[in-house]
Amino acid sequence: MGESPVLVELWSDLGCPWCYVGKHRLQEAIARRPDSERFELRVRCFELNPDAPREPETIASAFIRSHGGDASVVLDAEKRIQALADGEGLPFSLDRLNANTFDFHRVVRYADSQGLGVEFFSAVQDAFFAGELNPFEAGALVGAAQRVGLDADRVREVLDGEEFGVDVRADRAEGSSLGITGVPFVVFDRRFAAPGAQSIEVYEQVLAEVASRATAEAAGGAS
Amino acid sequence: VTAPAENAPAVRAALQVLALEPDGWCDPVTGACHVSEPANTSDVANAEPVSSS
């Protein structure tokens with residue numbers, strides 16, 4: 001008999017570097033478990049800046065526009081994250097662009113409806129942070145979607161219209177209602193939530209705790 | 001009439017947000033991203049919600 005399933009929901013945004021690092025750590029923590037197949041990872045949308053312009057700009061420009069002052073603060077932080085990511089084998093380009101991610105998230109919601117939400121999100125996120133893909137170009141999103149098995153024409157249709165916008169906003173509203181204090185925000189089986197990017201070891205401990213409780217609950221319910 | 005959104009407080013009440021110091025995070029309100037200082041290591045064992053019943 002298989003173990004009871006455990007839902008792991010990851011609220012994140014595309015431009016968020018800690019979401020990139022955190023997602024890889026979370027996936028590694030799940031992969032290390034002998035019962036990894038019982039965990040269902042789902043990406044949930046959380047636009048960090050819904051009012052961000054649609055026209056891409058550099059990270060430095062985005063920082064100055066939204067916070068003012070000197071961009072060296074954000075660039076220093078980027079270099080620290082880059083060093084950390086490099087140590088974990090994750091390509092991390094400092095030349096990424098920044099723009100509104102609403103349309104990207106709409107395709108994520110479409111991909112999720114096809115059972116490919118994690119695959120699409122990961123494909124775009126990985127290529128974006130590696131400096132290999134501009135996710136603010138519709139053609140790039142269509143190509144990434146096609147590579148993970150989504151229908152290219154359907155993705156173009158989504159991008160050309162307004163579909164899944166309600167779902168994107170609902171994801172963000174739900175995340176806020178759950179008390180998001182830091183993004184990424186991982187919710188484990190609706191029992192525990194871990195804010196920000198945690199270490200693989202911390203994620204492992206939370207997975208073990210939640211798996212144990214889910215198993216005990218299932219056994220209690222079956223008796 | 002009970003709106004679906006009214007379920008959110010109940011879910012939130014059941015959800016335990018662990019008091020864990022992350023390596024870094026982006027602020028859900030301002031959108032700004034932060035790096036924790038190296039000394040701020042996290043240990044789930046020290047996060048009370050996990051060990052409480």
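As the structure is a prediction and not an experimental result, all values here were calculated from the model. Reminder, nothing fancy here: chain letters follow the sequence lines and each chain counts from 1.
Residue contact with chain B, scored on non-hydrogen atoms closer than 4.5 Å, involves the side chain of V187(A) exclusively. No part of F63(A) comes within reach of chain B, as not one of its non-hydrogen atoms sits under 4.5 angstrom from that chain. With a 4.5 Å cut-off on non-hydrogen atoms, I81(A) touches chain B through its side chain but not through its backbone.
A cation-pi arrangement is not found for R190(A) relative to F192(A), the charged atom failing to lie both closer than 6.0 Å to the ring centre and inside a 45° cone about the ring normal. Within the cation-pi definition used here (under 6.0 Å to the ring centroid, within 45° of the axis), R172(A) qualifies as a partner of F46(A).
The aromatic ring centroids of F120(A) and F104(A) lie less than 6.0 Å from each other.
For S122(A) (side chain) and V118(A) (main-chain N/O), a donor-acceptor pair under 3.5 Å exists by modelled atom type.
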